[in-house]
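Read through the structure below, which is laid out as structure tokens, and then see the notes.
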Amino acid sequence: MGRLDGKVSIITGGANGMGRLACERFATEGSAIVVADLDPDAVAEVAGDLPAAVGVAVDVRDPAQVEAMVSTAVERFGRLDVIYNNAGISPGDDDTPELTSIDTWDLTFDVNVKGVFLCCKYAIPAMRDSGGGSIVNVASFVAHMGAATPQIAYTSSKGAVLSMTREIAAIYARQGIRANALCPGPVLTPLLAKFLSDDAKRQRRLVHIPMGRFGEAAEMVNGALFLASDESSYMTGQSLLIDGGITSTYTTPE
Ligand code: NAD
């Protein structure tokens with residue numbers, strides 16, 4: 001028996017990285033999947049490999065496209081149980097407050113914050129019609145701790161995702177809709193590889209990870225699966241940190 005049997009899940013940013021792996025894993029656990037991402041060919045390819053799935057090209061910044069994404073889930077599969085708000089960006093020129101351009105700030109907030117807001121805005125009524133549901137918002141360990149290797153727009157956007165998640169949890173707790181944030185530590189997907197572009201930068205990050213290694217995408221998806229499924233039925237408004245011990249630690253072992 002699958003851990004998501006009978007459920008319908010939308011996974012944004014499902015064409016690459018952790019989102020793609022999540023599409024495959026959630027499908028293996030019995031969920032029908034809406035693979036949502038920017039590139040129509042990429043979403044079709046991911047969906048084509050899954051037993052019950054549809055690919056939807058969506059820019060999460062666009063209200064009409066997000067609304068259509070949710071409608072597709074309901075029209076195609078009859079209900080909506082899970083929205084996994086995984087789409088996110090980490091622009092390479094995001095830096096200190098002095099160096100980061102206003103355009104980079106706006107773009108980061110449009111995707112990482114407004115995108116999550118819009119997905120929740122349109123998914124919540126569909127979940128309520130389905131008798132409840134689970135929202136999994138991807139924040140980051142940087143929502144909990146500052147880093148001297150700065151990404152001011154990204155870090156601030158993930159803090160906003162965390163507080164948005166808590167408020168949504170409080171508003172909808174009595175309507176059977178849960179909301180939790182998944183806070184991954186560093187995983188070498190294309191998103192992070194672009195930011196930690198050389199070995200010196202990678203080593204600088206590894207020094208702060210007690211386990212001394214980057215996380216695996218599968219380790220994050222395991223957490224998302226728990227939050228999406230009924231196994232976390234008494235959990236809402238929380239932040240699940242999967243970070244190799246980073247946020248628990250002041251000094252790391254030699
Ligand atoms: P990734 O770049 O591999 O995948 C992100 C996906 O989001 C891509 O497929 C991209 O096309 C999609 N996307 C970007 N903008 C979009 C938009 N406007 N509309 C729809 N889709 C859009 O990244 P990843 O590392 O797998 O990251 C997934 C999530 O995890 C992100 O929210 C990221 O911030 C977060 N995260 C990543 C790390 C890490 O170390 N990789 C750590 C903490 C949090």
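Just so it is clear, the structure is predicted and the values come from calculations on it, not from any experiment. Start at 1 and go down the list; that is how both ligands and their atoms are numbered.
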Inset, instruction - Would you check if Phe109 and Lys114 make a side-chain contact, meaning some heavy-atom pair closer than 4.5 Å? - result: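 No; the side chains remain at least 4.5 Å from each other.
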Legend entry - 4.5 Å side-chain heavy-atom contact, Ile177 and Ile135: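 Result yes, sub-4.5 Å side-chain heavy-atom pair found.
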Taking atom types as modelled, is there a side-chain donor on [X] or [Y] under 3.5 Å from an acceptor on the other?
X: Asn86; Y: Thr12; answer: no
X: Ser229; Y: Glu29; answer: no
X: Asp94; Y: Thr104; answer: no
X: Asn112; Y: Thr108; answer: no

Legend entry - Gap separating the OG1 atom of Thr100 from the CD1 atom of Ile152, nearest 0.5 angstrom: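 Those atoms lie 7.0 Å apart.
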Inset, instruction - Rounded to the nearest 0.5 Å, what's the gap from CG on Asn222 to CD on Glu216? Could you check? - result: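 The CG atom of Asn222 sits 11.0 Å away from the CD atom of Glu216.
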Touching ligand 1 at all, [X]? Heavy atoms, strictly under 4.0 Å?
X: Asp59; result: yes
X: Ala139; result: yes
X: Ser90; result: no
X: Gly185; result: yes

Inset, instruction - Return a yes/no value for Asp37: is any of its N or O atoms, backbone included, closer than 3.5 angstrom to an N or O of ligand 1? - result: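 Yes, at least one N or O pair falls under 3.5 Å.
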Legend entry - Nitrogen or oxygen of Gly19 less than 3.5 angstrom from that of ligand 1: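 No, since none of the N or O atoms of Gly19 sits under 3.5 Å from an N or O of ligand 1.
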Which of the numbered atoms in ligand 1 are under 4.0 angstrom from any heavy atom belonging to [X]?
X: Gly13; result: 6 (C), 7 (O), 9 (O), 12 (C)
X: Pro186; result: 40 (O)
X: Ser140; result: 43 (C), 44 (C)
X: Gly17; result: 3 (O), 26 (O)
X: Val58; result: 19 (N), 20 (C)
X: Val138; result: 29 (C), 30 (O), 32 (O), 35 (C)

Legend entry - Lys/Arg-Asp/Glu bridge criterion (N-O < 4.0 Å) met for Asp230, Arg3: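 No salt bridge links Asp230 with Arg3.
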Legend entry - Note: Arg25-Glu219 ion pair, threshold 4.0 Å (strictly below):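 No, Arg25 and Glu219 are not salt-bridged.
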Identity and separation of the nearest protein heavy atom to [atom]:
atom: atom 5 (C) of ligand 1; result: Gly88 O, 3.9 Å
atom: atom 24 (P) of ligand 1; result: Thr189 OG1, 3.5 Å
atom: atom 40 (O) of ligand 1; result: Val187 N, 2.7 Å
atom: atom 31 (C) of ligand 1; result: Asn86 O, 3.1 Å
atom: atom 2 (O) of ligand 1; result: Leu191 CB, 3.4 Å
atom: atom 4 (O) of ligand 1; result: Asn16 CB, 4.0 Å
atom: atom 26 (O) of ligand 1; result: Met18 N, 2.9 Å

I need the contact type for [X] against ligand 1. Using non-hydrogen atoms and a strict under-4.0 Å cut-off, is it side chain, backbone, both or neither?
X: Val60; result: both
X: Ala42; result: neither
X: Tyr154; result: side chain
X: Lys158; result: side chain

Between [X] (side chain only) and [Y] (backbone N and O only), is there a donor and an acceptor less than 3.5 Å apart?
X: Ser232; Y: Leu227; result: yes
X: Ser31; Y: Ala27; result: no
X: Arg178; Y: Ser134; result: no
X: Asp81; Y: Val8; result: yes

Inset, instruction - From the options Leu192, Ile242, Ile89, Leu38, select the one whose nearest heavy atom is closest to atom 16 (C) of ligand 1. - result: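 It is Leu38 that holds the nearest heavy atom.
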